[in-house]
Amino acid sequence: MRGFIPWIVAGVVSAFDWRWGAISGLVSGLLLLVQDRRRRVGLDALILEISTIVYFAAVGAVALARPDSALADHTDVVSFAWLAATAWGTLAIRRPFTLGIAKRQTPPEYWDMPEFIRVNNNITIAWGAGFSFIGVSLAILGALDAPAWAGIAAHVAGLAAPAVFTKVYPARAQARLLAAQAPVTAVPQHSPEGADAP
């Protein structure tokens, strides 16, 4: 969730000026990246952060060069389209963006297990679906000139669902794996009643 801080900062500041919103998103993203690299966090665990910086650098350049750009009215849709593209893109190259994050919390002997990779594929799919849902919803709601609460509801639903999935799914997948690997205990064979009687 730490990786979403630049997006939150940019969202708040953009309410006053979208140019400063993009700049604040870029600066906060860079600061977080520097902190993570100082803590020796690998680049494979920072895919979302790097993607965030690229996004805000590009939007910031447009915002400064053309403050009256039509992009100013659509940054909410574009930002979630970018996040969705990041998630789906990492899946397409078989490097789900959650994989590097998960490796920071998992012993190395599990990293190459098909189950570990499958869990991260599914978590990345959940986030990609959530980002896509928000982007599409905001585009539709904007076209319909829907009230602000509808957009907020789309944000909550699109972010809460994958967050809960990320919290719950790995533990359940691990429990299923352990259950499948548990040795089968032999069931003692009981003689029919009275079979041992003299």
Side-chain angles (χ1 to χ4, degrees), residues 1-11 21-61 75-136 155-178 180-181:
M1 299 306 293
R2 186 171 181 269
F4 291 116
I5 291 176
W7 300 93
I8 297 170
V9 171
I23 293 171
S24 63
L26 175 62
V27 171
S28 56
L30 287 169
L31 289 175
L32 290 175
L33 181 65
V34 169
Q35 289 177 356
D36 286 332
R37 293 299 289 160
R38 284 180 176 171
R39 292 201 299 258
R40 301 184 184 278
V41 177
L43 291 176
D44 62 337
L46 299 172
I47 294 174
L48 183 63
E49 287 79 358
I50 294 170
S51 175
T52 295
I53 290 169
V54 172
Y55 170 82
F56 283 119
V59 172
T75 53
D76 53 351
V77 174
V78 174
S79 63
F80 281 100
W82 180 271
L83 287 170
T86 299
W88 299 123
T90 60
L91 282 168
I93 63 173
R94 299 179 183 273
R95 296 295 298 175
F97 78 88
T98 61
L99 191 61
I101 301 169
K103 285 181 177 179
R104 296 174 61 188
Q105 308 166 19
T106 310
E109 57 265 28
Y110 295 103
W111 293 358
D112 295 324
M113 291 181 64
E115 294 83 2
F116 179 72
I117 296 172
R118 183 167 58 250
V119 165
N120 280 281
N121 280 333
N122 290 337
I123 292 174
T124 300
I125 288 171
W127 282 105
F131 296 147
S132 300
F133 169 80
I134 297 173
V136 171
H155 279 85
V156 171
L159 294 176
V164 171
F165 184 79
T166 300
K167 183 71 175 176
V168 174
Y169 173 66
R172 292 186 176 178
Q174 183 181 31
R176 284 196 301 269
L177 178 61
L178 293 175
Q181 292 177 341

* Where the side chain of W82 meets the backbone of S51, is there a donor-acceptor pair that is under 3.5 Å apart? -> yes
Which heavy-atom pair separates [X] from [Y] by the least distance, and what is that distance?
| X | Y | result |
| --- | --- | --- |
| N122 | Y169 | ND2-OH, 2.7 Å |
| S132 | A84 | OG-CB, 3.5 Å |
| V77 | G135 | CG1-O, 3.8 Å |
| L32 | P6 | CD1-CD, 3.7 Å |
| R37 | L46 | CD-CD1, 3.8 Å |
| S24 | A10 | OG-CA, 3.8 Å |

Any chance you could measure [X], atom [atom1], to [Y], atom [atom2], to the nearest 0.5 Å?
| X | Y | atom1 | atom2 | result |
| --- | --- | --- | --- | --- |
| T52 | F4 | OG1 | CZ | 8.0 Å |
| L33 | I50 | CG | CD1 | 6.0 Å |
| I23 | L26 | CD1 | CG | 8.0 Å |
| T86 | E49 | OG1 | CD | 11.0 Å |

Which donor-acceptor pairs under 3.5 Å do side chains of residues 91-105 form with protein atoms, sequence neighbours excluded?
from : atom 1 : to   : atom 2 : distance (Å)
T98  : OG1    : N120 : O      : 3.1
T98  : OG1    : N120 : OD1    : 3.1
T98  : OG1    : T124 : OG1    : 2.9

* Does the ring center of W7 lie less than 6.0 Å from the ring center of F56? -> yes
* In sequence, state the C-alpha distance, the side-chain angles, and the governing distance for Y55 and L83, and then conclude on side-chain contact (heavy atoms from CB on, under 4.5 Å). => CA-CA 9 Å; Y55 170 82; L83 287 170; over 6 Å; no
* Report yes if some heavy atom in the side chain of W111 is under 4.5 Å from a heavy atom in the side chain of I117; otherwise report no. => no
* Asked: Is the shortest heavy-atom distance from the side chain of F80 to the side chain of F133 under 4.5 Å?
  -> no
* To do: Might you confirm whether atom OH of Y110 has over 12 heavy atoms from other residues, nucleotides or ligands at distances under 6.0 Å?
  => no
